[in-house]
Every structure is written in structure tokens, then in C-alpha cells.
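Note that the structure is predicted; figures quoted are calculated from it, not measured. Numbers restart at 1 for each chain; the letters A, B, ... are given by sequence-line order, proteins then strands.
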Amino acid sequence: MPELPEVETICRALRPHLVGRYLRGVRTFVEALRQPLDRRALVSLVGRRIVAVRRRAKFLLVEFTDRRLLLMHLGMSGSCRICPDNAPRRKHEHIIWELDNGQTWRYGDPRRFGLVQVQVIRKRGALPSCLCGLPPEPLSRGFNGAYLASICRGRSRPIKSVLLDQTLVAGVGNIYASEALHRAGISPVRRAATLSREECARLAHAIRTTLRQAIAAGGTTIADFRSADGSPGGFQVKLFVYGREGEPCRRCRRGRIRRLVLSSRSTYYCPDCQR
DNA sequence: AACACGTCCTGAGCGC
DNA sequence: TGCGCTCAGGACGTGT
């Protein structure tokens with residue numbers, strides 16, 4: 001479910017509910033998500049105050065006093081919500097944090113591909129060391145045509161598989177990879193190394209624009225994405241290719257959108273306007 | 001029954 | 001042969 005825009009949407013929705021609050025308790029209902037939960041580490045946050053809620057790539061970072069940080073990744077099906085203490089626990093709600101105002105912050109995740117762990121950081125506002133090697137944020141200065149060209153050089157994989165590689169591009173997932181390539185007019189199966197400098201610049205711009213618009217719309221709801229306040233995203237109505245197999249291309253109006261499987265993921269594109 | 005918006009692991013293939 | 005890197009594909013729960 002959640003790519004960069006969805007995580008950013010959740011981050012913004014959580015922030016006003018969490019920042020400044022003290023953690024009063026934590027309850028867990030499973031042994032493990034993608035990896036075993038460290039209950040003692042989670043409990044060690046109780047009594048501390050939340051000082052910031054941030055995002056880096058697809059990671060959500062909740063910073064506490066004393067340089068403690070809760071690192072969260074939503075995997076395929078993770079979600080967060082804020083609700084009162086006495087709200088009944090939903091199926092697949094695995095962690096409940098109790099705040100000092102009668103509210104709770106809850107993590108739900110049917111597939112349990114997510115990640116929740118406690119880290120200690122060097123100083124206030126710093127990233128945990130495990131995230132220090134991430135590539136540049138797509139919406140930051142360092143992400144541009146020159147950067148894309150540098151990671152495409154010498155790579156024979158299809159460009160879409162490069163965009164999905166989280167060690168090379170941070171935060172782009174399966175929906176926005178298809179959307180950005182369509183916006184840039186570049187075929188998802190093109191070998192990365194064959195992209196010209198001009199195409200890399202166009203693609204970098206397309207990625208930034210796509211992500212920005214998706215954030216502005218509150219993310220994309222295909223099946224069940226909800227922000228932390230329960231509201232669905234609005235970007236699905238602005239999708240140009242994802243999930244539109246057989247429908248006419250909304251840009252060139254000639255081609256029909258095709259679906260193919262690339263590195264075992266659905267990929268959508270317009271054969272007429274993507275080269 | 002096929003497919004799902006993510007990541008990790010394994011093993012094949014390649015150049016040196 | 002071996003090392004290091006790249007890349008494809010399966011596995012991981014559950015829901016629709």
C-alpha cells in the first residue's frame with residue numbers, strides 16, 4: 001500500500017496528535033512483524049515525550065526525548081490511526097501506544113510485512129545509523145537528472161526496476177514508478193543505461209511532480225489505504241496508467257494502456273507515447 | 001484463483 | 001577457480 005506520498009500523508013496526519021504528548025503505555029498483540037518485536041525496547045519509551053514526527057523515504061520516524069526514536073515501515077499493508085483508549089481493537093491491530101490525553105496511536109498490518117523498532121540517535125533531529133546510507137530524497141535538491149544518470153550508468157536492468165530499487169531511489173513504489181515513467185514518456189522496459197541525459201532529467205522531473213501531486217491529493221487509495229485520521233487518498237482519480245489496462249491513454253488519446261509483468265510486478269504503460 | 005501499493009534472500013550469470 | 005557485483009524470482013500472511 002504505502003509509498004512515499006502515503007507515508008508522508010500519514011506522517012502529517014499523525015504529527016498534531018503525537019508531538020508534545022507523553023507515552024503512558026504500550027501494548028503488543030503479536031510476537032513479530034517482518035522481524036521479532038523487541039518488547040523491552042518498546043516499553044523503554046514509556047514515560048518519554050514525543051518531540052517530532054518525520055519521514056525519510058518510506059520510513060516513519062517518531063522521535064522521543066533522550067535521543068530515542070521509533071522507526072516504522074508500513075510494508076505492504078501497514079496503517080496507523082488515532083482513536084480513544086476505549087475503542088475496540090480491530091483485527092490485525094498489533095501495537096497500541098497509550099498517550100497522556102486518553103487517546104491511543106495504533107499500528108495495524110494484516111500481512112505483517114511491516115517493521116517497528118526502537119533506535120538511539122546521535123543527537124536531536126538526527127537519522128538512525130541504519131538509515132544513513134539511503135539515497136537522496138526525491139523531493140530534495142540532490143535528486144535531479146545528473147543523479148539519475150549516475151545510477152543508470154552501466155546498469156542493464158529495465159529503468160522501472162531501477163526506480164523500484166530502494167538502495168538507488170528512495171520512496172518510489174510500484175504505482176508511482178509506472179506513473180512517473182508515463183509522465184516522462186519513457187518505456188518501463190528500456191535498459192537504464194540507454195537513457196540519455198535529457199531523458200534522465202525529464203524522468204527526475206516527472207518523479208518529483210508525480211510525488212508532489214500525490215502528496216497534495218493525500219496519497220492513492222487502490223484497495224484500502226487510509227491516512228491516520230481515516231480519510232482515503234484522492235490521487236487514484238488522477239492516475240494516468242496504473243490499473244487502467246485496456247483503457248485509452250489519457251495523454252495521447254490514441255494508445256490503449258497495456259499491462260505487463262516486470263520483475264514480478266504489474267507494470268502499466270502506453271505503447272504509443274512511451275518509448 | 002489470481003493478484004495485491006514491499007522487502008529480503010538465494011542462486012545464476014557475468015567480467016575480471 | 002574464485003571474487004564481487006548485478007539481476008530475476010520466489011517467499012513471506014492475509015484479504016478480496
Side-chain angles (χ1 to χ4, degrees), chain A residues 1-10 29-37 55-60 71-80 90-95 107-117 130-131 133-135 138 150-182 188-194 207 210-211 213-215 217-227 232-246 259-268:
Chain A
M1 174 193 342
E3 304 184 29
L4 186 155
E6 288 73 35
V7 180
E8 179 66 26
T9 298
I10 289 171
F29 301 88
V30 282
E31 291 296 301
L33 298 173
R34 193 162 85 206
Q35 56 179 233
L37 282 181
R55 177 193 60 76
R56 175 75 171 95
K58 298 176 188 171
F59 292 92
L60 192 63
L71 174 67
M72 177 179 279
H73 191 292
L74 302 168
M76 276 283 249
S77 58
S79 64
C80 287
R90 288 181 186 166
K91 196 176 180 183
H92 305 303
E93 261 174 11
H94 304 309
I95 309 179
Y107 178 73
D109 186 358
R111 263 165 272 187
R112 282 182 255 158
F113 291 171
L115 180 79
V116 174
Q117 52 179 230
C130 60
L131 298 190
L134 286 177
S150 76
I151 61 172
C152 285
R153 199 165 301 136
R155 295 194 197 267
S156 63
R157 315 145 78 171
I159 181 63
K160 186 191 176 228
S161 133
V162 168
L163 297 187
L164 288 181
D165 186 331
Q166 299 299 304
T167 68
L168 301 175
V169 177
V172 173
N174 204 35
I175 293 178
Y176 301 115
S178 280
E179 291 298 313
L181 283 163
H182 177 262
V189 299
R190 279 275 298 281
R191 306 278 137 184
T194 70
I207 290 170
T210 303
L211 295 177
Q213 292 185 356
I215 291 170
T220 302
T221 297
I222 296 290
D224 56 6
F225 168 73
R226 288 294 180 284
S227 178
F235 195 70
Q236 56 280 6
V237 301
K238 299 180 181 171
L239 293 173
F240 276 76
V241 286
Y242 190 87
R244 300 191 63 246
E245 182 180 17
R259 170 181 178 272
L260 61 82
V261 174
L262 195 55
S263 354
S264 58
R265 321 216 62 104
S266 285
T267 302
Y268 299 87

**Q.** Verify stack between A:Phe113 ring and C:dC12 base, 5.5 Å, 30 degrees
**A.** yes
Q.
Tell me whether the side-chain N or O atoms of A:Arg265 pair up with the base of B:dA4 as donor and acceptor below 3.5 Å, since no angle test is needed here.
A. no
Q) Atom CZ of A:Arg153 to atom P of C:dT6: distance rounded to whole Å? A) 14 Å
Q: Tell me which nucleotide among B:dA4, C:dC7, B:dT7 gets nearest to the side chain of A:Met76.
A: B:dA4
Q. Within this structure, what is the CG-to-P distance between A:Leu168 and B:dT7, rounded to whole angstrom?
A. 13 Å
Q | Nucleotide opposite C:dG13 in a Watson-Crick or G-U pair, distances under 3.5 Å | A | none
Q) Just wondering, are more than 12 heavy atoms of other shown residues or ligands nearer than 6.0 Å to CD in A:Glu31? A) no
Q) Looking only at side-chain N and O atoms, does A:Lys58 come under 4.0 Å of OP1 or OP2 in B:dC5? A) no
Q.
Regarding A:Pro5, tell me which of base, sugar-phosphate or nothing describes its non-hydrogen contacts under 4.0 Å with the strands shown.
A. nothing
Q) Which nucleotide sits closest to the side chain of A:Tyr268: B:dG6, C:dT14, B:dA4? A) B:dA4
Q. Rounded to whole angstroms, how far apart are CZ on A:Arg191 and P on B:dC14?
A. 14 Å
Q. Between A:Tyr176 and B:dC5, is there a side-chain N or O to OP1/OP2 distance below 4.0 Å?
A. no
**Q.** Pairwise C1' distance for C:dC7 and B:dC5, with rounding to whole Å
**A.** 22 Å
(Q) For A:Gly171, is there any backbone N or O sitting under 3.5 Å from a side-chain donor or acceptor partner on A:Gln166? (A) yes
Q. Which of these nucleotides, C:dA8, B:dA4, C:dG15, is closest to any side-chain atom of A:Arg111?
A. B:dA4
Q. Over how many whole Å does the gap from A:Met72 atom CE to B:dG6 atom C1' extend?
A. 16 Å
Q) OP1 or OP2 of C:dC7 sitting under 4.0 Å from any side-chain N/O of A:Ser156? A) yes
Q. Starting at the 5' end of DNA chain C and moving along, which residue's nearest nucleotide shows up first, A:Ser161 or A:His92?
A. A:Ser161
Q | Side-chain N or O of A:His73 closer than 4.0 Å to phosphate OP1/OP2 of B:dT7 | A | yes
Q: Ignoring the backbone of A:Glu3, work out which of B:dC5, C:dG9, C:dC7 is nearest its side chain.
A: B:dC5
**Q.** Side-chain N or O of A:Gln166 closer than 4.0 Å to phosphate OP1/OP2 of B:dG6
**A.** no
Q. What integer distance in Å separates A:Leu115:CG from B:dG6:P?
A. 15 Å
Q: Could you tell me the separation between the CG atom of A:Leu262 and the P atom of C:dC7, rounded to a whole number of Å?
A: 12 Å
Q: Tell me whether the centres of the aromatic rings in A:Phe29 and A:His94 are closer together than 6.0 Å.
A: no
Q: Kindly assign one of parallel, tilted or perpendicular to the pair A:Phe235 and A:Tyr176, based on the angle between their ring planes and the thresholds 30° and 60°.
A: tilted
Q: Could you give me the CA-CA distance, side-chain angles and deciding distance for A:Ser266 and A:Arg259, then say whether side chain to side chain donor-acceptor pair (under 3.5 Å) is met?
A: CA-CA 7 Å; A:Ser266 285; A:Arg259 170 181 178 272; 2.9 Å; yes
(Q) Within 90° of 0 counts as syn, otherwise anti: where does C:dG13 fall? (A) syn
Q) Tell me: CZ of A:Arg259 to C1' of B:dC5, nearest whole Å? A) 14 Å
Q) What's the CZ-C1' distance between A:Arg34 and C:dG13, to the nearest Å? A) 14 Å
Q) Hey, what do you get for CD1 (A:Ile175) to CG (A:Leu4), rounding to the nearest 0.5 Å? A) 12.5 Å
(Q) Please classify the nucleic acid contact of A:Arg112 as base, sugar-phosphate, or nothing, using heavy-atom distances under 4.0 Å. (A) sugar-phosphate
**Q.** Counter-base of B:dC5, judged by Watson-Crick or G-U geometry with both distances under 3.5 Å
**A.** none
